[in-house]
Amino acid sequence: MFGKKKQTSIGDPFFARVEQTEIDLNDEVIKDLAEKSGVSESWPNVSLSGLQQFAAGLVNDVVRAGDHDVRLGNVVYFITNEKGRAEPTGLSWERATLTAGFENIVVSTADHIFNDTEIRQDEDMTYDIIVEALQPLMDAVLADGSLSSDDLPDLPSEEQFRQACETGEVLTVEPNKFQRTTIEVKPPLVQDVDNETSDQSQEKVVKTVPDIPKIVDQPKQPSTAETVKPIVRAVVPTQDNSEGVVTESDPTQKLIDRVNLTPNAFELSDVKADLPAEHPDYVVSRLNADKAKANDFLNDTSNIYTQKIRKAMSDLLKQQQAKTKAAVEQLRDTNVSETVDAQMKEERATEFETRYAQAHQAREAGYRTAVEDENARHDNTLKTLKSDFVSDLEALKVSVNQELDNWFIERSKDLQSNLQATVDDQVSEVTSQAQTETLTSLKALRDELLAQNTQSLLDMHQKLEEDISNKRAQY
């Protein structure tokens, strides 16, 4: 049964071993994913491609479907030496947890290495050692085809790592594809509509998509120009954050800004435009004009779709920020002084009665004992004892009140300090949780919208390609 086998060696020169896993290996969905990815055959030893496929499947079918993270365990990387024996590389992804924002195993491993507290505190561990340890893993996934160079992590610089070690900053490690810049052909067609709701703004964006331009009939002429399908890239934008809602280091705004839908254009031949009909390149010139119109349409539409996606993600970000702000403000509205004062008013009266009763009882017992012992003595002695007793009780009230005043002051300080610390901890916890939930929601929305709009561009591209092919037959 999957998960019950002994460790089985595999022939890959670079592989991984999953230790101390917390996933339910007998779950039907997880078992099916393991069999499809091939990791069940040698578990807990797994190939890099199998581990990547298994982890991606868990994210899609378990994490996102169930809206909860999955603790994979400790992923330790090994190489197979010349004698065919497994040898640890010293590289590992400790406490591996799969979230909705999971990219791939190499990015997650690099993120763990650069942000692990123990590694940062190790004086013998340098930036060069870390990069040198990660390089064989990156070479291995490229060699077996598990990932492309765009999927590999964009590692932080040595200076960034040094500063993070000093300040405790969490470094963001992302794939290379998120770091590439692309020049947009035309500016966005969609204007800001801050006062509209998310549904209204998205409906307005859809209405601005231009109609597919008709291509004028041309003479029949075969063409050898090849076309390619549109692709989607996440790029670093050149626009400014004019609203100033978030800082440049905010990962949520970075995620929105990097969204850009960019189709590949039809290839244009190197001929002059508007050639006369008798010119031998006339047909190619006319096809160039048709392709240029198609390229303009695809560029305009991709810009509109890009703004549509960014607007939807921005609306979600604003909603999440409003929820976080309301929760934080509610916590900060707690009046620590009034809360402590009300509690102390209730406690003081009760505490005085309790303490006074205890002390009074002790003194009364002494009084009665003295009275019984001295009962046979002269009446004057008895009167003196009673007088002393009364004086003693009055002094006791003064003493207890003074003691209670000192106790009240110290207890008020302690209660205020403890309650303020509790409020600060809750504010930090709410803010951190909201940030995680916002990133998860934004990435899920990004993936869904990119998939939808990419298919739309593919359909448009195919229709335009068919139109051009028909005109080629007419030419």
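Numbers for residues simply follow the sequence, beginning at 1.
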message: Evaluate L51 against L72 for side-chain contact (heavy atoms from CB on, under 4.5 Å), listing each step before the verdict.
response: CA-CA 11 Å; L51 178 59; L72 185 60; 4.3 Å; yes

- line: Looking only at heavy atoms, the pair that brings A100 and V63 closest together is N-CG1, 3.5 Å

- request: Please examine the side chains of H461 and P263, heavy atoms only from C-beta on, and report whether any two atoms are closer than 4.5 Å.
  value: no

message: A quick test of your reading: do over 12 heavy atoms of other residues, nucleotides or ligands sit less than 6.0 Å from CG of D67?
response: no

- request: Grab the two heavy atoms, one from T21 and one from I23, that are nearest each other, plus how far apart they are.
  value: OG1-CG1, 3.1 Å

message: Determine whether a donor-acceptor pair (N or O, by modelled atom type, separation under 3.5 Å) exists between the side chain of Y77 and the backbone of L48.
response: no

task: Check for a donor-acceptor pair, side chain of S456 on one end and backbone N or O of Q452 on the other, with a separation under 3.5 Å.
output: no

Between CD on residue Q53 and OG on residue S47, distance to nearest 0.5 Å: 8.5 Å

message: I'd like to check T109 versus V75 (side-chain heavy atoms, cut-off strictly below 4.5 Å). Are they in contact?
response: no

task: Report the C-alpha separation of R310 and N260 in whole Å, then their side-chain angles, then the decisive distance to 0.1 Å, and conclude whether the side-chain hydrogen bond (donor to acceptor under 3.5 Å, both in side chains) test is met.
output: CA-CA 9 Å; R310 289 181 180 177; N260 194 19; 4.5 Å; no

message: For the CG atom of L298 and the CG atom of N303, what is their distance to the nearest 0.5 Å?
response: 11.0 Å

task: May I ask you to check whether Q420 and Q416 show a side-chain donor-acceptor distance below 3.5 Å?
output: no

query: Any sub-3.5 Å donor-acceptor pair from R120's side-chain atoms to A164's backbone N or O?
result: yes

- request: Give, for atom CD1 of I409 and atom CZ of R411, the distance between the pair rounded to the nearest 0.5 Å.
  value: 14.0 Å

Quiz item: cation-pi between R17 and F78, 6.0 Å / 45°: yes

message: How long is the straight-line distance from CG of N299 back to CD1 of I304, given to the nearest 0.5 Å?
response: 11.0 Å

statement: Residues F102 and A56: closest non-hydrogen pair is CE2-N, 4.1 Å

message: Walk me through whether K443 and T99 qualify under side-chain contact (heavy atoms from CB on, under 4.5 Å).
response: CA-CA 11 Å; K443 287 188 177 180; T99 67; over 6 Å; no

task: Say whether, by atom type as modelled, one donor and one acceptor occur between the side chain of N176 and the main chain of D151 under 3.5 angstrom.
output: no

Minimum side-chain heavy-atom gap V141-L152 below 4.5 Å: yes

- prompt: Does some side-chain heavy atom of F266 sit less than 4.5 Å from a side-chain heavy atom of D290?
  reply: no

task: Could you tell me whether the side chain of N45 and the main chain of F15 form a donor-acceptor pair under 3.5 Å?
output: no

- prompt: Checking side-chain contact (heavy atoms from CB on, under 4.5 Å) for the pair V18/F54: CA distance, chi angles, key distance, verdict?
  reply: CA-CA 12 Å; V18 182; F54 183 48; over 6 Å; no

task: Might you confirm whether atom CG of D270 has over 12 heavy atoms from other residues, nucleotides or ligands at distances under 6.0 Å?
output: no

field: Side-chain donor-acceptor pair present, S148, D150, cut-off under 3.5 Å
entry: no

query: Minimum heavy-atom separation for A133 to L91, with atom names?
result: O-CD2, 3.6 Å

task: Taking the side chain as every heavy atom from C-beta outward, state whether E169 and Q160 have any atom pair closer than 4.5 Å.
output: no

Plane angle bin for Y127 and F161 - parallel if under 30°, tilted between 30 and 60°, otherwise perpendicular: tilted

field: Where N288 and S269 come nearest, the two heavy atoms and their spacing
entry: ND2-O, 2.7 Å

- request: Take L316 and Q320 through the test side-chain contact (heavy atoms from CB on, under 4.5 Å) and record every step on the way to the result.
  value: CA-CA 6 Å; L316 177 61; Q320 295 293 341; 4.0 Å; yes

field: Derivation and outcome, side-chain hydrogen bond (donor to acceptor under 3.5 Å, both in side chains), residues D144 and S146
entry: CA-CA 6 Å; D144 67 9; S146 303; 2.6 Å; yes

- request: Would you sort out whether E429 and Q433 count as a side-chain hydrogen bond (donor to acceptor under 3.5 Å, both in side chains), showing the intermediate values?
  value: CA-CA 6 Å; E429 180 180 356; Q433 183 176 359; over 6 Å; no

task: Start with the C-alpha gap between D116 and R95, add the side-chain angles, then the distance that decides, and say whether salt bridge (charged side-chain N to carboxylate O under 4.0 Å, His left out) holds.
output: CA-CA 11 Å; D116 185 74; R95 301 175 296 280; 3.4 Å; yes

query: Does the side chain of V62 come within less than 4.5 Å of L98's, by heavy atoms?
result: no

T97 (side chain) donor-acceptor with R71 (main chain) under 3.5 angstrom: no

query: For D32 and K36, what are the C-alpha separation, side-chain angles and deciding distance, and is it a salt bridge (charged side-chain N to carboxylate O under 4.0 Å, His left out)?
result: CA-CA 6 Å; D32 183 59; K36 289 180 179 180; 3.2 Å; yes

field: Full working for salt bridge (charged side-chain N to carboxylate O under 4.0 Å, His left out) between R162 and E166
entry: CA-CA 6 Å; R162 184 188 62 79; E166 294 176 353; 2.7 Å; yes

Donor-acceptor contact below 3.5 Å, side chain S432 vs main chain S428: no

message: Are I119 and I113 packed together at the side-chain level, in the sense that at least one heavy-atom pair is separated by less than 4.5 angstrom?
response: yes

Non-hydrogen side-chain atoms of T117 and Q121 separated by less than 4.5 Å: yes

task: Decide whether E347 and Q343 meet the rule of one side-chain donor and one side-chain acceptor closer than 3.5 Å.
output: yes

Donor-acceptor under 3.5 Å (D122 side chain, D124 main chain): yes

query: What is the distance from atom OG1 of T334 to atom CZ of R332, rounded to the nearest 0.5 Å?
result: 11.0 Å

query: In terms of side-chain heavy atoms, does S92 have a donor or acceptor partner in E94 at a distance below 3.5 Å?
result: yes

Heavy-atom donor-acceptor pair, R348 side chain to F408 backbone, under 3.5 Å: no

- prompt: Step by step, would you call Q319 with D315 a side-chain hydrogen bond (donor to acceptor under 3.5 Å, both in side chains)?
  reply: CA-CA 6 Å; Q319 294 174 6; D315 290 342; over 6 Å; no

- request: Return yes when atom CD of E118 has more than 12 non-hydrogen atoms of other residues, nucleotides or ligands closer than 6.0 Å, and no otherwise.
  value: no

V173 to A110 - nearest heavy-atom pair and separation: CG1-CB, 4.0 Å

query: Taking atom CD of E465 and atom CE of M460, what is their separation to the nearest 0.5 Å?
result: 15.5 Å

- request: Give a yes or no on whether the backbone of E466 and the side-chain of N470 come within a donor-acceptor separation of less than 3.5 Å.
  value: yes

